[in-house]
Amino acid sequence: MGISFIKFFFTLSSCLNLCLLLTYMLKRYFFLEIFIALRYLRGHSRLTILNTGTRLSLLFMSLMVFIMVVVLSVFNGFQAEVKRSLWNSGYHITITSVNSQKTIKNYDKIIQSIYKNKDALNNNIRSIFPSILVNGLLEIQGRFEGKAIRAIPVNEEDLKNNYLRDFPTLVHFDQTLLHNINQANVAIIGREMARYYGWQVGDKITVFLPQGGIFARGMQIQRADLIIAGFFRTGFYEFDLNLIFISLATAQRLMNLPNQTTSIIVQLNDLNNIDFYKTKLREVLPDNPYEYSISTIKDERGNFLAALQLEKTLMMMILGLLILAGIAGIWVTSYLLVQSKRKSIGMLRAMGLSTKSILNLFVSYSMLIGFFACLFGGTLGIFAAQNLETFIKFIEDLLNQICLMVFHQCSTIHLIPKNIYYFDHLPVNTDLSFIVSIAMVTMILSGFAGYFPAKKASQLEPVETIRND
Amino acid sequence: MVKLENIYKTYISEGEEIHVLNGIDLEVEKGEIISIEGASGSGKSTLLNIIGIIDKPDQGNLWIDNIKIDVNQQNKLDEIRALKIGFIFQHYYLLPDFNILENVMMPLWIMQKRNVIIDNIQKQAKELLDLVGLSHRLYYYPSQISGGEMARATVARALVGNKKLILADEPTGNLDKENSYKIIDLLWNLQKKLQFTLIIVTHDRELAEKIPKRYKLDNGKLQSIVK
């Protein structure tokens, strides 16, 4: 608390000092140029807010910034939400035997070894536990559907405190059934699975689990009747539809795997640098570390996250093109301004204003358009992004009303169907640092757009502009 | 204050060379008033622009306030214009985006940008505007005032910052007779009071006859007019 306050205080004071220095420098060195540029922005008359060209340019550019802020806020939010769901629903690092047929018998020794070396892992280990993950067959009225069954240990002490360590969040459960999770055949299923099959807590489901090896007649399987003790929700639709949780003790009993497990799960506090921990873990494994295969959630879901990132990059590129169109608008406006201010430029030069100042003046003009566009577009964008759900709801209601008025009967319009994204709300993440970056880039590009007309203006000879009369 | 030595200037128009200035020699003392007269297109304005170092001669030397002008030193030229020279143009060239007070303050701001310490810029500008009779138009924009008032504002703008050399190119060219007299009287009175050097380009006979030292530009040569 104390350190973060000091950090915040120093950041704030540095920002203030920087602003003061910037203001001083602007006033000391560019006051006149900015003053003239502001007047050119305003136009001839005190009665109008801006001159027409500037107004159009500013409007267009503000719109571009607005769109960029809203779209990227939604994209950021969407990406963060998906990532969060994924992180929450999956297990971070999984240690399995290199031979996938082989179970791990000395899991206690491995867990102890990792715990002993937790300093080498930067104390980033949240928990380590053995886990069995198998594919089972779920019987639904004579049909079979493949489902993943994940077994993790349940501590009796935790159960007494109504706490299920390392399980996903339970959204609905029966306390009495849960208390018997180690002794009885009790399962926790995903909320989506329950919805899909219409199951309630207390219902009995039948699964077929592999047991032992493969024989001449086929694989030996074990039928198990499980009672649903609760529903979990990870936020990741695939998991919530296809995963069944049972306790490790139950799984070992049902599958005849006493003191054995198929994998060891390592949960981390911080998922950054997950690859580092993967490498480090191998170094601390006992005996021959190459008997084990180590995979991370990033390895498993890397493609999905990369696809998300690619979508965001593509969207940024498309929106970047829009910004470029806005910049082109500023270039045209600056160019037209230089043309219309030829005589003023000539007179300012005759009065002794340097070519450098003329250049700065017109670059300032373009940057000011960029600045105000970022200010208006950015502020509106943040406001719109924060209230996007309300706006969408309003538009949905409006469309539904119009639909009813015109056709008298129509199905409810949902602009963003919840079942596709599987979010309770529209995820929006207005990252201020990201918006500031957009603003900076826009301002620099605006200045760049104004540079060439400004260069042209600075090269005007005063006598050329005056002689025309 | 101003010394010209062997100034030449040639324009090329439609492939034909026009020798506008053909070896001009001129010396103007501090506080002197001179006029340059001549037919339209004789090169009067070109000569004035060269003196005001907003145009470059093809050949010859120029001194302003005993400083030899090097036309290749752009920054130095800007500085001399900012600190020593005031312009009065026929079309005024007041900045339309600024009010009259700001138009008059502009040369002072430019001087300040060149690290000249100026106290109370606004007060100085207001005093000059009061001197030219425009204290009631301080916050008006150029488009909101008459031609005569614009001419007076231009005079104030040229004089602000104690300019030593005032170059006036047809200062009464756009004015009716009444306003012309007013501007002439104003210039004369101000010159007596502030003792600046005034070079006037004109073809206004009435204005020219009031000037003690007159020159005529003819065939690119400057000739003194003896009364």
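Side chains included, hydrogens not; waters and symmetry mates left out as well; all remaining heavy atoms used. Here the structure is a predicted model, which means the values were calculated and not measured. Reminder, nothing fancy here: chain letters follow the sequence lines and each chain counts from 1.
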Whether A/F31 and B/W109 hold their rings parallel, tilted or perpendicular, with breakpoints at 30° and 60°
perpendicular
Step by step, work out the side chain to side chain contact (heavy atoms under 4.5 Å, CB included) result for A/L348 and B/M106.
CA-CA 9 Å; A/L348 285 167; B/M106 189 62 75; 3.9 Å; yes
Please find the pair of heavy atoms, one from B/D78 and one from A/T355, that lie closest to each other, and give the distance.
OD2-N, 4.1 Å
Going by the salt bridge (Lys or Arg N to Asp or Glu O under 4.0 Å) test, name the single residue among A/K341, A/R42, A/R39 that passes it with B/D97.
A/K341
Between B/D169, B/L95, B/N75, which shows the greatest number of heavy-atom pairs under 4.5 Å with chain A?
B/L95
Return yes when atom CG of B/N66 has more than 12 non-hydrogen atoms of other residues, nucleotides or ligands closer than 6.0 Å, and no otherwise.
no
Heavy-atom proximity to chain B below 4.5 Å, by part of A/M347:
side chain
Heavy-atom count check: over 12 atoms from other residues, nucleotides or ligands less than 6.0 Å from B/N162 CG?
no
Flag the pair A/I36 / B/F98 as yes when at least one side-chain heavy-atom distance between them is below 4.5 Å, and no otherwise.
yes
For A/L353, does its backbone N or O pair with a side-chain atom of B/R114 as donor and acceptor, under 3.5 Å?
no
Does A/F448, at its CZ atom, have more than 12 non-hydrogen atoms belonging to other residues, nucleotides or ligands within less than 6.0 Å?
no
Report, as yes or no, whether the 6.0 Å neighbourhood of atom NZ on A/K312 holds more than 12 heavy atoms from other residues, nucleotides or ligands.
yes
Do other residues, nucleotides or ligands put more than 12 heavy atoms under 6.0 Å from the CG atom of B/D58?
yes
Report which part of B/E102 has an atom under 4.5 Å of a heavy atom belonging to chain A: side chain, backbone, both, or neither.
side chain
Would you say the side-chain atoms of B/R81 pair up with the backbone N or O of A/M351, donor to acceptor, closer than 3.5 Å?
no
